[in-house]
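Written below as structure tokens is the structure these notes are about.
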Protein chains: 2
Amino acid sequence: MAVTLADVAARAGVSSATVSRVLNGNYPVAGNTRERVKRAVEELDYVVNGQARALAAATSDLVGVLVNDVADPFFGLIASALQAEIGAGGAGPVGGKLAVVCNTGGSPEAELTYLTLLERQRAAGVVLTGGAVEDDTHTAAVAARLARLATSGTHVVLCGRPPLTLPDDSGQVTTVAFDNRGGARRLTEHLLSLGHRRIGCVTGPVERSTTRHRLEGHRAALEAHGMGPGTGEGDNALRLTVHGGYDRASGYDATLELLRRDPGVTAIVAANDTVALGVCAALRDQGRSIPGDVSVAGFDDLPFSVDAAPALTTVRIPLQEAGARAGRLVMGRQAPPPGGLSTIPTELMVRASTAPPSNRP
Amino acid sequence: MAVTLADVAARAGVSSATVSRVLNGNYPVAGNTRERVKRAVEELDYVVNGQARALAAATSDLVGVLVNDVADPFFGLIASALQAEIGAGGAGPVGGKLAVVCNTGGSPEAELTYLTLLERQRAAGVVLTGGAVEDDTHTAAVAARLARLATSGTHVVLCGRPPLTLPDDSGQVTTVAFDNRGGARRLTEHLLSLGHRRIGCVTGPVERSTTRHRLEGHRAALEAHGMGPGTGEGDNALRLTVHGGYDRASGYDATLELLRRDPGVTAIVAANDTVALGVCAALRDQGRSIPGDVSVAGFDDLPFSVDAAPALTTVRIPLQEAGARAGRLVMGRQAPPPGGLSTIPTELMVRASTAPPSNRP
DNA sequence: AAGCGCGCAGAAAGCGCTTGCTACACCCTC
DNA sequence: GAGGGTGTAGCAAGCGCTTTCTGCGCGCTT
């Protein structure tokens, strides 16, 4: 049915070995032979069979990218930058790899399933993005899978995920981490320095590493201001932590809950920008002005944050930079950092959604 | 190196054919033999080689999804729904396909390159999403590529793209189209019925089909209101069309240009929601209130639109529904609609960013 | 003039899997 | 008891490519 190497070879009057060599350019072929082959390829509209090539050469054109949610610009931005780095136009012999984007929906099972699928395809590389679910069983299962992938030559990169130490002798995984803790800390410090003391925290799902890190940063800032656990204000802050999902609706609901627990909150830090939008919506619906009555802050600095009303104070994570770096690492185009870990700094972006608390009771 | 079928066969004391049959479950194997094989698979942590399987069985686990920009939620939403439909957990023998998301950046060359790459991989299906670049040469090139794919058994689906008739006898491509024209028309009618007459139009790149369709809908509404070309108001409307990209910055710049051309515009329809955010920002920066001074409308109804300030009036496209349908079609799980074309209706969402024009001069 | 190296092309052995066909029991049936 | 199903398992031939190794013809050295 389809045109094969042999067809091209027959047409050019050479052996299939020669055609293969012309196509791959990795072996000397006489000028006029090469021309003849090229012409035959053109005339027959020949396209190599990637699977056969992969099988014979033990290579792969695929790079897996696991994300929690493609529809979330957080992952979209990473994926986009990553893909630009590994994709067509790349330096590879065949002109780049294809990104297989796998939407796990945050489900540990889906994560493992996709890792198996990628192992089947003998992917050239695998990038896991976004926070990990912190469950020992699951972490171990993922580590085992990654160890096997790494051992069999697949480049494994974690992007925005806590580093993972693999069992003993297996290959390396390299990590591009985000400074979530530092960013969260600076954000809360910003609020504290504005004079806020009753700060609500609408954070992500308990089991996610990202949630934990951001929360740790938040608490570290409080503690540094003498608001650690045991102090009155500190214990109040603990009460003002509500867990939810990384979506707008969670932000909305959590805010209502927060206002119920303490109608006097003057500031709310959200799990991310999307959640912050939900927070803002809930506050508005409750008749509170932002930042007049309550200051609100997000996280990630997604593109829409600057257009929110008011523009969101947030913590910028250079996601494209992170995605690009992950892409270079997974392609082996960039040497892994010492220790296999590089951390992407985060930056506080102060905008209009935060202000000093009003002096009403 | 890696564990192969033969290794498993040896361990289970059977032939590799039997192992293959157990794995695929497509041939009777005696109960205890099956058990033995399964145990051997477990013990050796065997994972089939997808490439070898694909080569031997002439099948593929890959479905290509071409998008203009993964980071844009418009495409993210489609991709996400599509992936849920084709992905792990699906009904296929091996449990679903992998989505290869290809970011074309709107570049025709990248589009062709990716199609070649997908043809190489003998993808089981290909979905092209988003507006097409309307250039005869390019359209013909794409049509030729798709014809070859379709002929060789790859399911080809267009989602949010104008239908394409392939040369003569080749396979079918099925299309899931959006009613951009109708949506745009209803949107402009909404503005007209509010009393607006000087309506600016910040639209997308000239060469894109989506741009053309939305513009046609816009103009049809004007014409139906006696504001066709030749009439004073109609010609003014033509002057008030500015082309730009589908990004926020374009919306910002185009708005400034629009205000220069006619400082008295009372409403602006944007190419999409993202552009609308830029429009809003520019208006605010110019001291115009929304919708007090100028009404603004978007398109697509992306999730953030409801959180914009003010909440955007827009045209909702059920992107997830579209993506899911495209997914089912590309998997062959749903019969193609008669004529190979199904159209997704769009819905006008009236929110706070549009209001009657103020009666100032 | 004999010997060598070199540049290029082909033969053929896989890569790891699927699958059509054959083979062998074993149990019926007449 | 011989012929014929039936139910399982194996053999072996590919799938379309890459790559090692062999081979051939030439021009060059000694």
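Below, each value reflects all heavy atoms present in this structure, side chains not excepted, and no hydrogens, waters or symmetry copies.
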If you count every heavy atom of other residues, nucleotides or ligands that lies below 6.0 Å from Asp136(B) atom CG, does the total exceed 12?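 Count not over threshold, so no.
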Residue pairs involving residues 12-22 of chain B (criterion salt bridge (charged side-chain N to carboxylate O under 4.0 Å, His left out); sequence neighbours excluded):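 Checked against salt bridge (charged side-chain N to carboxylate O under 4.0 Å, His left out) - neighbours excluded - no pair reaches residues 12-22 of chain B.
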Nearest heavy atoms of Tyr46(B) and Thr4(B), plus distance in Å: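 In this case the closest contact between Tyr46(B) and Thr4(B) is CE1-C, 3.6 Å.
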So, Thr116(B) and Arg145(B): side-chain donor and acceptor under 3.5 Å apart, yes or no?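 Yes, because at least one side-chain N or O of Thr116(B) sits under 3.5 Å from a partner of the opposite role on Arg145(B).
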Rounding to an integer number of Å, can you tell me how far [X] [atom1] sits from [N] [atom2]?
| X | N | atom1 | atom2 | value |
| --- | --- | --- | --- | --- |
| Asn24(A) | dT20(D) | CG | P | 13 Å |
| Gln51(A) | dT18(C) | CD | P | 13 Å |
| Leu23(A) | dT18(D) | CG | C1' | 11 Å |
| Glu119(A) | dG16(C) | CD | C1' | 15 Å |
| Gln121(B) | dG16(D) | CD | P | 15 Å |

Using the side chain to side chain contact (heavy atoms under 4.5 Å, CB included) definition, which of the options Arg36(B), Arg34(B), Glu35(B) pairs with Val22(B)?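 Between Val22(B) and the candidates, side chain to side chain contact (heavy atoms under 4.5 Å, CB included) is satisfied uniquely by Arg34(B).
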Among dA9(D), dC17(D), dT18(C), find the nucleotide with the atom closest to the side chain of Leu5(B).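 Between dA9(D), dC17(D), dT18(C), the one nearest the side chain of Leu5(B) would be dT18(C).
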Between Glu321(A) and Arg325(A), does any NZ, NE, NH1 or NH2 come within less than 4.0 Å of an OD or OE carboxylate oxygen?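 Answer for the salt bridge query: yes.
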Strictly under 4.0 angstrom, non-hydrogen atoms only: write out the protein contact profile of nucleotides 10-15 of chain D, one letter per nucleotide from the 5' end, B, S or -. BB--BB
For dT18(D) and Ser20(A) - does any side-chain N or O of the residue sit under 4.0 Å from the phosphate oxygens OP1/OP2?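 Yes, because at least one side-chain N or O of Ser20(A) sits under 4.0 Å from OP1 or OP2 of dT18(D).
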If you compare every side-chain N and O of Asn26(B) against the phosphate oxygens of dT19(C) (OP1, OP2), does one of them come in below 4.0 Å?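 Result: yes.
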